[in-house]
Amino acid sequence: MTLHKILKYIALVIGVIGLILLGRILAENDDAIEASADLQNSLLDPFMWVAYLVLAVVLVLVAFFVIKGLFKGNIKNTLISLGAFLAVIVIAYVITDGSEMTLKDGSVLSASGAHWISAGLVTFYILAGVAILAMIFSGVKKLMK
């Protein structure tokens with residue numbers, strides 16, 4: 001069997017298990033689930049463990065294929081892309097600032113935590129802008145051909 005077929009069957013099994021667990025959750029009354037901690041544990045915990053399993057499998061496969069691709073492909077371009085990504089993060093961190101703030105629940109978010117949150121948001125905005133510009137550029141380039 002090829003890896004593709006094996007992964008397809010594993011995805012099918014995990015999908016069916018997820019559907020069964022989702023059906024169990026939907027079959028219960030919302031108020032009953034909110035009121036009973038035991039019911040929450042019996043219904044929601046297995047669903048969460050399936051989600052954790054899927055996340056772990058995806059992370060392992062992504063790491064495997066990235067490392068495999070690094071050794072097979074051009075490592076220079078990969079390192080340049082990684083450096084550009086880190087440069088965007090550094091730029092976002094430098095242009096943002098953070099100050100200690102009180103949250104709605106009364107806890108305090110440190111200045112460092114607020115700074116990293118701001119830097120993460122600015123990083124997202126920069127990368128989203130670059131992606132949008134790349135799509136526009138690609139579309140215009142196709143129209144010109």
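None of the values given here were measured: they were computed from a predicted structure.
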Taking all non-hydrogen atoms of both residues, which atom of [X] and which atom of [Y] are closest, and how far apart?
| X | Y | result |
| --- | --- | --- |
| P46 | N41 | CD-O, 3.6 Å |
| D105 | S107 | OD1-OG, 2.7 Å |
| E100 | V108 | CG-CG1, 3.3 Å |
| A119 | A92 | O-CB, 3.5 Å |
| H115 | T96 | NE2-O, 2.9 Å |

Among the clusters formed by ILVMFWY side chains lying less than 4.5 Å apart, do [X] and [Y] turn up in the same one?
| X | Y | answer |
| --- | --- | --- |
| V54 | L61 | yes |
| I14 | I6 | yes |
| Y125 | I136 | no |
| F64 | I10 | yes |
| V90 | L79 | no |

Does some side-chain heavy atom of [Y] sit less than 4.5 Å from a side-chain heavy atom of [X]?
| X | Y | result |
| --- | --- | --- |
| F85 | I89 | yes |
| L133 | F137 | no |
| V57 | L7 | no |

So how far is it from [X] [atom1] to [Y] [atom2], rounded to the nearest 0.5 Å?
| X | Y | atom1 | atom2 | answer |
| --- | --- | --- | --- | --- |
| F47 | L22 | CZ | CG | 5.0 Å |
| L21 | M48 | CG | CE | 12.0 Å |
| L26 | L19 | CG | CG | 10.0 Å |
| I80 | I75 | CD1 | CD1 | 11.5 Å |

Classify the ring geometry of Y93 against W116: parallel below 30°, tilted from 30° to 60°, perpendicular beyond 60°.
tilted
Can any side-chain N or O of R24 pair as donor or acceptor with the backbone N or O of S42 at less than 3.5 Å?
yes
Would you say F124 has more than 12 foreign heavy atoms packed within less than 6.0 Å of its CZ?
no
Steps toward side-chain contact (heavy atoms from CB on, under 4.5 Å) verdict (I117, L109):
CA-CA 10 Å; I117 290 170; L109 179 64; 3.9 Å; yes
